[in-house]
Enquirer: 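I'd like to ask some things about the structure below.
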Amino acid sequence: MLAMECIDQAKTDGCAVESYSSFCGGLPAPECSDNPLRYKFSWSPYGVLLNSISPAVFLRDNQVVSVPAGGSLMDSTTDMDFFPGFNLEGFPNRDSTKYSKPYGIQTAHTLIRGTLRFKGFSRAMSGFIQLGLINTEPSPSLQNSLSSPVSWKDVLCQQLGLMAPVSQEGFEAAVFERVGRDQFRMDTLKWFGLLGEDPVPHADSTLSALAKHLESRLSFGKRERDMIVMRNDVGIRHSTGELETKHISLVVYGDPNGFSAMAKTVGYPAAIAARMILDGEIQTKGLVVPMTKDVYGPALARLKDEGLNIMMKSTLQD
């Protein structure tokens with residue numbers, strides 16, 4: 001909705017949209033990011049982990065950039081310094097190019113939508129990927145783990161091709177090599193109990209087991225709060241030739257005694273839209289995407305009334 005509000009206004013002013021960059025992330029508030037992933041789950045644990053091996057496509061300077069599936073996404077992370085105090089990194093999210101037509105910005109030479117995390121997330125996640133833990137293939141040993149318990153060391157030995165018995169020292173040396181001799185990744189694995197005899201949760205696949213294991217360690221505790229950070233940068237070319245970049249930012253914190261930031265930013269828009277339908281403000285039938293002014297205009301105004309404050313700035317260059 002914020003994108004369309006900016007894009008529609010630019011067209012009304014006779015401008016052309018030359019670039020569009022949008023990054024968003026559901027994160028723990030900084031004081032709650034006390035783990036190697038700098039992350040806690042306010043959304044599907046399985047989905048968060050699966051996304052780390054997903055492919056991505058985006059447009060940069062009129063060139064289509066493709067990131068293959070399998071883990072390359074975590075290697076394409078870049079620093080995001082628009083809020084330096086948050087120490088953020090970002091990576092592309094799925095296929096950004098498909099938004100060119102719905103947004104009406106076929107003139108854009110750059111188009112990317114991405115995910116935000118605190119720095120360190122991709123480095124730690126890469127260790128899981130290198131060890132084969134982000135694996136959706138069915139695992140008979142994990143499916144039978146109720147009758148024949150399996151440890152995380154057993155799982156990693158199998159992934160590394162290590163035959164039992166193997167000493168802890170030899171095991172950790174093999175893991176260290178597999179994660180690129182990266183001590184931070186080793187420390188991450190130890191922090192999460194993945195290098196010892198901790199039992200693996202019963203699951204259909206290694207990825208499902210890891211999601212259950214991490215969920216128990218990365219859930220929000222009492223009086224902890226989450227945070228949503230979003231940043232849109234829209235490059236607009238004026239008829240005078242000036243290039244203006246609109247910076248649209250949103251930071252929302254959860255209330256430890258009330259709604260989470262994720263609940264607010266997902267729930268409020270849906271509730272407002274439902275009310276608009278009940279009150280007859282939205283007459284269109286079928287699936288309605290909030291990309292027209294008669295929908296996003298009132299919705300954005302009411303979101304501000306609920307305390308979701310949008311920050312807007314502009315920079316100009318000849």
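The first residue of the sequence shown is numbered 1, and numbering continues consecutively from there.
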Enquirer: Determine whether a donor-acceptor pair (N or O, by modelled atom type, separation under 3.5 Å) exists between the side chain of K153 and the backbone of L194.
Expert: no
Enquirer: Check G26 against I228 and note the closest heavy-atom contact, atom names and distance.
Expert: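 For G26 versus I228, the nearest heavy atoms are CA-CD1, 3.7 Å.
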Enquirer: Is E281 salt-bridged to R302, going by a charged N under 4.0 Å from an acidic O?
Expert: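 Yes, charged N to carboxylate O under 4.0 Å.
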Enquirer: Quick one: closest heavy-atom pair of M276 and V295, and the distance?
Expert: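 For M276 versus V295, the nearest heavy atoms are CE-O, 3.9 Å.
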Enquirer: Between the side chain of R225 and the main-chain N/O of S260, is any donor-acceptor distance below 3.5 Å?
Expert: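 Not a single qualifying donor-acceptor pair exists.
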Enquirer: How far apart are the closest heavy atoms of M291 and D8, and which atoms are they?
Expert: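 That closest heavy-atom pairing would be O-OD2, 4.4 Å.
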Enquirer: What pairs with F128 under ring-ring contact (aromatic ring centres under 6.0 Å, His included), at least two apart in sequence or on another chain?
Expert: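 Applying ring-ring contact (aromatic ring centres under 6.0 Å, His included) to F128 gives none.
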Enquirer: Starting from the C-alpha separation in whole Å, work towards a yes-or-no answer on side-chain contact (heavy atoms from CB on, under 4.5 Å) for V155 and L133.
Expert: CA-CA 9 Å; V155 169; L133 294 174; 4.3 Å; yes
Enquirer: Out of curiosity, N257 CG to D255 CG, how far, rounded to the nearest 0.5 Å?
Expert: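 That separation rounds to 5.5 Å.
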Enquirer: Kindly say whether G221 contributes a backbone atom to a donor-acceptor pair with the side chain of E224 at under 3.5 angstrom?
Expert: yes
Enquirer: Keeping Q168 on the side-chain end and L195 on the backbone end, is there a donor-acceptor pair under 3.5 Å?
Expert: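 Indeed, once roles are kept as given, a pair shorter than 3.5 Å links the two residues.
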Enquirer: Can you run down the ring-ring contact (aromatic ring centres under 6.0 Å, His included) pairs that involve residues 209-254, sequence neighbours left out, and say none if there aren't any?
Expert: W152-H213
Enquirer: I'd like to check the side chain to side chain donor-acceptor pair (under 3.5 Å) partners of Y103; sequence neighbours left out, ordered by chain and number.
Expert: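 For Y103, the residues satisfying side chain to side chain donor-acceptor pair (under 3.5 Å) (neighbours in sequence not counted) are R113.
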Enquirer: If hydrophobic clusters are built from ILVMFWY residues whose side chains come within less than 4.5 Å, do V289 and Y296 share one?
Expert: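 Yes; Y296 is reachable from V289 via cluster members.
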Enquirer: Is there any side chain to side chain donor-acceptor pair (under 3.5 Å) pair reaching into residues 11-22, and which pairs are they, with sequence neighbours excluded?
Expert: Q9-D13, E18-R237, S22-N232
Enquirer: Would I272 and I277 show up in the same hydrophobic cluster when neighbours are defined by side-chain heavy atoms closer than 4.5 Å?
Expert: yes
Enquirer: To the nearest 0.5 Å, what is the distance between CE (M312) and CD1 (I310)?
Expert: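 These two atoms lie 6.5 Å from each other.
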Enquirer: With distance as the sole test, does S52 use its side chain to make a donor-acceptor pair with the main-chain N or O of L49 at under 3.5 Å?
Expert: yes
Enquirer: Checking Q106 against S100: is there a side-chain donor and acceptor pair closer than 3.5 Å?
Expert: no
Enquirer: Flag yes if F118 and W191 sit in one hydrophobic cluster, no otherwise; membership is Ile, Leu, Val, Met, Phe, Trp, Tyr, and two members link when side-chain heavy atoms are under 4.5 Å apart.
Expert: yes
Enquirer: With sequence neighbours left out, what residues match D198 under salt bridge (Lys or Arg N to Asp or Glu O under 4.0 Å)?
Expert: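 Applying salt bridge (Lys or Arg N to Asp or Glu O under 4.0 Å) to D198 gives R217.
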Enquirer: Name every donor-acceptor pair, under 3.5 Å, that has one atom in a side chain of residues 57-85 and the other anywhere in the protein, sequence neighbours excluded.
Expert:
| residue | atom | partner | partner atom | Å |
| --- | --- | --- | --- | --- |
| S76 | OG | L73 | O | 2.7 |
| T77 | OG1 | M74 | O | 3.3 |

Enquirer: Under the ring-ring contact (aromatic ring centres under 6.0 Å, His included) rule, collect the residues that match up with F41, sequence neighbours excluded.
Expert: Y39
Enquirer: Counting C-beta onward and ignoring hydrogens, is there a side-chain heavy-atom pair between L214 and P45 closer than 4.5 Å?
Expert: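 Side chain of L214 against side chain of P45, heavy atoms only: no contact under 4.5 Å found.
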Enquirer: Quick one: are M186 and V179 in side-chain contact, heavy atoms under 4.5 Å?
Expert: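 They are in contact (side-chain heavy atoms under 4.5 Å apart), so the answer is yes.
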Enquirer: For S208 and S205, test the side chains for any donor-to-acceptor distance below 3.5 angstrom and give the result as yes or no.
Expert: yes
Enquirer: Do side-chain atoms of T115 reach the backbone of N93 as a donor and acceptor pair under 3.5 angstrom?
Expert: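 Absent.
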Enquirer: Look at atom NZ of K293 and say whether more than 12 heavy atoms of other residues, nucleotides or ligands are closer to it than 6.0 Å.
Expert: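 It does not: K293 NZ has 12 such atoms or fewer within range.
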Enquirer: Search all heavy atoms of S141 against all heavy atoms of V150 and return the closest pair with its distance.
Expert: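 Between these two residues, the closest heavy atoms are O-CG2, 3.8 Å.
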Enquirer: Given side chains that start at C-beta, do those of V229 and F23 come closer than 4.5 Å, heavy atoms only?
Expert: no
Enquirer: Going by the rule salt bridge (Lys or Arg N to Asp or Glu O under 4.0 Å), which residues pair with K190 if we only count those two or more places apart in sequence or in a different chain?
Expert: E172
Enquirer: Taking P92's backbone N and O only, do any of them form a donor-acceptor pair with S96's side chain (distance below 3.5 Å, no angle check)?
Expert: no
Enquirer: What closest approach, in Å, do P28 and M227 show between heavy atoms, and which atom pair accounts for it?
Expert: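 For P28 versus M227, the nearest heavy atoms are O-CE, 4.0 Å.
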Enquirer: What residues form a salt bridge (Lys or Arg N to Asp or Glu O under 4.0 Å) with R181, not counting sequence neighbours?
Expert: E177
Enquirer: Tell me if a side-chain donor or acceptor on D226 pairs with a main-chain N or O of A261 at a distance below 3.5 Å.
Expert: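 Looks like yes, one N/O pair under 3.5 Å.
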Enquirer: Go through the side-chain N and O atoms of Q158 and D154 and say whether any donor and acceptor fall under 3.5 Å apart.
Expert: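 The criterion, which ignores hydrogens and geometry beyond distance, is not satisfied for D154 and Q158.
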Enquirer: Search all heavy atoms of G180 against all heavy atoms of Q130 and return the closest pair with its distance.
Expert: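 Looking at all heavy atoms of both residues, the closest pair is N-OE1, 4.4 Å.
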Enquirer: Is there a side-chain contact (heavy atoms from CB on, under 4.5 Å) between R94 and N51? Walk through the geometry before answering.
Expert: CA-CA 9 Å; R94 306 300 176 109; N51 187 54; 3.4 Å; yes
Enquirer: How long is the span from the CG atom in D233 to the NZ atom in K313, to the nearest 0.5 Å?
Expert: 12.0 Å
Enquirer: Test of understanding: with side chain to side chain donor-acceptor pair (under 3.5 Å), list the residues that count as partners of T110, not counting sequence neighbours.
Expert: none
Enquirer: Could you state the interatomic distance from CG (D204) to OG (S139), rounded to the nearest 0.5 Å?
Expert: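 The distance works out to 9.5 Å.
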Enquirer: Could you work out, with side chain to side chain donor-acceptor pair (under 3.5 Å) as the rule, every residue matching Q159, not counting sequence neighbours?
Expert: none
Enquirer: Are E244 and K246 close enough for a salt bridge, meaning some N to O gap below 4.0 Å?
Expert: yes
Enquirer: Would you say the side chains of S122 and R117 form a donor-acceptor pair under 3.5 Å?
Expert: no
Enquirer: With sequence neighbours left out, what residues match R38 under salt bridge (Lys or Arg N to Asp or Glu O under 4.0 Å)?
Expert: none
